[in-house]
Amino acid sequence: MSLWPELRYLSAVHLVGGPALRWVRWSDARKLRNFRRPDSPLHPPLVSTARMKELMARHYLAGQYANGVKKVAWVTSGAPVEVLKALGFHLFYPENHAAMCGARRKAQGLIEEAEQAGYSQDICSYARTDMGAALSGKHPLVGLPRPDLLLACTNICQTVLHWYRVLAAHFGAPLVLVDTPFLYDGAEQHQVDYVRRQIEEMIPVAEQVAGKRLSHARFTEVIEKSKEACELWLQVLERARTRPSPLTAFDCFVNMGPIVDLRGDETTLTFYRQLLAELDDRIARGVGAVKDERKRVLWDNLPIWFRIGRLSKFLAKRGVNVVAATYTNAWAELAPMMDPTRPMDSMARVYLHALLNRSAGDKLATMHKLIEGYSIDGVILHSDRSCKPYSLGQMDQCERLAKGLGVAAVLLDADHNDPRAYADEPVEGRLEAFVETLEAS
Amino acid sequence: MFVAMAILPTRSEAIAAAQERGQRIVAVLPIHYPRELLRAHGFHPVEVWGPPGIEPTEGNVHFQAYTCAIIQNAISLLIRGGLDVADAVLVPNSCDALQGAGSVLKDFVKPKHSVLTLYPPRATRESDMVYFAEELKRLGAALTALSGVAPDEEALHSAIATEEAADRAALQLASARMQTALGDLDFYSLLRTREYLAPDAFVALAQEAATSTAPTPVAPDSSVPVMLSGIVPEPMQIFTELGAMGAHVVADDFACMSRRFYPAAAASGDPFRRMAERLLGSPPDPMRGSPILERCDYLLGRLRDAGAKGLIVYDVKFCEPELFDLPMVRQRLVDEGFPVLHLEVELTGSLPGQTLTRMEAFVETLQ
């Protein structure tokens with residue numbers, strides 16, 4: 001085996017990249033501490049965000065040089081990754097990569113690459129972003145590692161299966177499927193058994209690709225850390241129950257990278273503890289994320305990644321703080337179900353109960369809980385043409401929120417990653433009217 | 001000439017006949033479901049593929065504009081009473097959109113019908129078979145709760161055998177496509193009676209058509225043989241239009257037809273396992289999660305066997321599973337010398353002029 005990949009990885013990730021990223025973090029944190037913008041409706045961004053950026057940048061840098069050093073698995077955001085993590089795979093999350101490209105306004109070019117290859121504008125814009133990158137070889141942010149294994153779990157959508165079938169055909173990599181029957185009602189035993197069996201069947205496949213046996217001690221350790229990370233993430237989100245809230249859901253969208261990509265890592269625990277400490281400090285000083293928080297709002301569905309900053313300011317300027325989101329809550333709400341003493345069974349239950357694998361009525365019930373828990377005045381439902389499992393049901397949910405609960409609710413037509421399916425004027429016009437309704441209530 | 005075409009039973013007639021037999025009606029949305037399980041429990045399944053030409057007013061109240069017309073139309077039809085003859089509605093989880101439709105129906109629309117669901121697995125591993133057999137048992141229990149009929153294993157095996165005979169008849173008919181005396185519209189209208197006819201009635205029609213020999217060629221020598229793929233050939237006008245353009249259909253890969261030619265499975269043992277093996281043994285289908293390259297090989301084989309010169313993929317707009325497969329399918333088939341035309345329709349009453357123009361241009365390139 002060639003030493004070159006090892007040397008390249010060591011120098012790029014540890015000798016050069018690590019120190020460079022630490023310096024960038026230190027520099028960013030200093031800027032954030034000294035951030036002064038009196039005319040902004042928002043208080044300075046969270047300083048911990050600099051640490052998050054360092055973590056994520058380091059993860060992507062390690063990925064760029066991983067081939068030949070570590071086995072690489074491309075995985076869906078709701079996949080049971082603990083087995084792969086324990087086997088030492090480098091985990092690459094195409095959805096997270098697509099979101100990063102979206103947030104940095106780099107997605108459109110990749111989307112157009114996928115469309116030129118024949119992929120329709122009517123399929124998910126995350127998929128188009130990543131397939132555009134994979135097919136064209138263009139990587140505007142960071143080089144992508146070639147997958148040795150693909151893991152798709154259908155608990156977020158069926159789209160990922162079709163998307164990963166394309167990746168499997170393109171890369172010639174083995175695809176492991178964890179299929180999760182949709183829960184129209186409560187989970188039944190045969191559904192739990194099915195998911196558990198698939199996770200168990202994944203192990204020998206992953207071991208063969210990894211070239212080593214799964215250490216159960218390491219596996220348990222990963223699950224424990226994964227559970228703790230989800231619990232810390234839940235605490236982070238729940239700090240927004242305070243009035244004024246020390247953070248916005250937009251902050252949470254930005255800081256959710258580690259809970260998606262790096263759960264099971266010690267550094268993730270350290271990061272979320274640090275973030276919690278910063279939030280507690282803000283709470284103690286009475287500092288809200290929005291300077292004049294008058295109304296509190298729940299966001300449903302994925303963010304509109306390429307408009308996070310603008311929407312955050314638009315709403316903050318009108319005294320509105322988006323304090324909770326069903327999307328960020330999805331990585332927190334199931335933490336109590338994880339049980340390291342019964343790893344397979346509890347993983348099966350956790351991954352079966354992902355938010356998007358539950359009924360439209362159950363999603364509405366989740367919104368009810370968040371509305372009560374976070375003292376919510378209104379709900380913005382992002383009708384995301386790229387995400388049907390999240391969006392279908394919203395028209396009824398919107399009506400029931402307004403008529404049943406008397407909570408102001410607005411349906412916002414947009415797309416999470418394709419800026420061509422979005423226009424500022426109509427969206428902001430609807431939000432303006434929504435804010436007026438909030439103020440009148 | 002096969003005279004039965006003039007008197008091909010309609011959905012209404014099939015429903016009336018089933019009710020006379022004392023069967024309850026269950027309206028079934030696409031795609032894969034166990035007909036035999038429904039029948040063994042005293043139900044007569046009638047499938048709802050849209051239908052076309054419905055004004056989707058009620059559907060638009062519950063589903064965004066980017067939801068496919070099959071769902072928009074079916075929900076509109078259901079809410080305005082068009083499915084009142086049914087006691088239950090079965091919504092198989094075939095895709096994200098049908099998943100949403102089932103969930104919204106159960107949680108929000110709450111029609112007077114019982115809403116039944118079924119989650120077919122997306123692979124064909126042993127664990128999928130085991131799960132699916134259990135899932136079919138769950139559906140069976142729900143059917144028993146509705147009808148009070150609890151079939152024993154023998155009754156289930158008998159119902160399976162009857163459906164296997166009907167599937168065999170459909171496959172034989174499709175395989176003998178060019179030897180029958182039927183034009184495209186008549187032929188595919190007959191095949192589609194499988195969506196609502198009792199199996200024995202379908203078998204009788206299919207066997208009659210399969211054994212009727214063509215006194216004159218179905219299509220002139222100059223006519224271009226094409227294969228159709230997609231979800232459902234609605235509006236059925238597509239067949240007459242293709243004929244007028246100088247093409248004829250020699251094979252199909254529609255979700256409503258040949259993707260549901262289920263094979264027979266071992267007749268002994270657990271009937272639920274037998275049903276699971278049958279349903280998961282059907283030809284490659286993106287809704288069942290089939291690998292794309294496997295589907296490419298399958299389509300290529302079908303094109304060659306049927307002597308087709310090209311493939312028309314005739315999709316309902318917003319069908320994501322179909323759209324993901326398309327680029328690789330197209331590339332592979334084109335590389336092998338089979339041009340591909342992709343059309344998307346909204347299940348309106350008639351085909352738009354632009355669609356017809358594209359079809360015409362495609363047929364011209366094949367001539």
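Protein chains get the first letters and strands the later ones, always in sequence-line order, with residue 1 at the start of each. These figures come from a predicted structure and were not determined experimentally.
- Residues A:His162 and B:Pro286 come closest through the heavy atom pair CE1-O, 3.1 Å.
- Ring-plane geometry between A:Tyr194 and B:Tyr131 is classed as parallel, the angle between the planes falling under 30 degrees on a 0 to 90 degree scale with a further cut at 60.
- Contacts with chain B were tallied for A:Asp413, A:Asp193, A:Thr154, A:Asp122; A:Asp122 has the most, counting heavy-atom pairs under 4.5 Å.
- Interface remark: of the candidates A:Cys398, A:Pro389, A:Gly393, A:Pro389 forms the most heavy-atom pairs closer than 4.5 Å to chain B.
- Nearest heavy atom pair, residue A:Ser391 against residue B:Gln64, reads O-NE2, 3.0 Å.
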In sequence, state the C-alpha distance, the side-chain angles, and the governing distance for B:Phe318 and A:Arg385, and then conclude on side-chain contact (heavy atoms from CB on, under 4.5 Å). CA-CA 10 Å; B:Phe318 301 120; A:Arg385 61 175 287 126; 3.9 Å; yes

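- In this structure, CZ on B:Phe132 lies 10.0 Å from NE2 on A:His190, to the nearest 0.5 angstrom.
- Looking only at heavy-atom pairs under 4.5 Å with chain A, the residue among B:Ile292, B:Thr117, B:Val130 that has the most is B:Thr117.
- A:Ala168 does not touch chain B: none of its heavy atoms, backbone or side chain, sits under 4.5 Å away.
- In this structure, the portion of B:Leu293 lying under 4.5 Å from any heavy atom of chain A is its side chain and not its backbone.
- In this structure, chain A has a heavy atom under 4.5 Å from the backbone of B:Asn60, while its side chain stays farther away.
- Residues A:Asp185 and B:Lys106 are paired through a salt bridge, judged by an N-O separation under 4.0 Å between the basic side chain and the carboxylate.
- Once rounded to the nearest 0.5 Å, the distance linking CG of A:Leu161 with CZ of B:Arg288 reads 11.5 Å.
- No part of B:Asp325 comes within reach of chain A, as not one of its non-hydrogen atoms sits under 4.5 angstrom from that chain.
- Using a 4.5 Å cut-off between heavy atoms, A:Cys124 touches chain B through backbone and side chain atoms alike.
- Contacts of A:Glu188 with chain B are made by side-chain atoms alone, with heavy-atom separations under 4.5 Å and no backbone atom involved.
- Contacts between A:Arg165 and chain B at a heavy-atom distance below 4.5 Å involve backbone atoms as well as side-chain atoms.
- Going from atom CD of A:Glu200 over to atom OG of B:Ser127 covers 10.0 Å, rounded to the nearest 0.5 Å.
- In this structure, the side chains of B:Val61 and A:Met395 stay at 4.5 Å or more apart for every pair of heavy atoms.
- No more than 12 heavy atoms of other residues, nucleotides or ligands shown are found within 6.0 angstrom of CD on A:Gln208.
- When B:Ala101, B:Ala123, B:Pro291, B:Gly100 are compared by the number of non-hydrogen pairs under 4.5 Å with chain A, B:Pro291 comes out ahead.
- Between A:Tyr184 and B:Val115 the shortest side-chain heavy-atom distance does not fall below 4.5 Å.
- Atom CG in B:Leu98 sits 11.0 Å away from atom CD in A:Gln158 (nearest 0.5 Å).
- One distance of note links SG of A:Cys157 with CG of B:Asp96; it measures 5.5 Å at 0.5 Å rounding.
- Top candidate by heavy-atom pairs under 4.5 Å with chain A, chosen from B:Lys317, B:Glu126, B:Glu135, is B:Glu135.
- Expressed to the nearest 0.5 Å, how far NZ of A:Lys388 lies from CD1 of B:Ile71 amounts to 9.0 Å.
- With chain B as the partner, the residue from A:Gln189, A:Met131, A:Arg197 showing the most heavy-atom pairs under 4.5 Å is A:Arg197.
- Between A:Gln397 and B:Phe108, the closest side-chain pair of non-hydrogen atoms falls below 4.5 Å.
- B:Pro327 approaches A:Gly118 most closely through the heavy-atom pair CG-O, 3.3 Å.
- By the 4.5 Å heavy-atom criterion applied to side chains, A:Ile123 and B:Phe324 are counted as neighbours.
- A:Asn357 does not touch chain B: none of its heavy atoms, backbone or side chain, sits under 4.5 Å away.
- Contact count versus chain A (heavy atoms, under 4.5 Å) is highest, among B:His342, B:Arg138, B:Arg125, for B:Arg125.
- Contact tally against chain A (heavy-atom pairs below 4.5 Å) for B:His62, B:Gln331, B:Glu134, B:Arg330: the top residue is B:His62.
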Is there a side chain to side chain donor-acceptor pair (under 3.5 Å) between B:Glu320 and A:Thr159? Walk through the geometry before answering. CA-CA 7 Å; B:Glu320 213 178 41; A:Thr159 298; 2.4 Å; yes

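- The contact list for residues 171-183 of chain A toward chain B, using heavy atoms and a distance under 4.5 Å, reads A:Leu177, A:Asp179, A:Thr180, A:Pro181, A:Phe182 by residue number.
- The main-chain N or O of A:Ala360 is found under 3.5 Å from a side-chain atom of B:Ser103 such that the two form a donor-acceptor pair.
- Contacts between A:Arg358 and chain B at a heavy-atom distance below 4.5 Å are absent for every atom of the residue.
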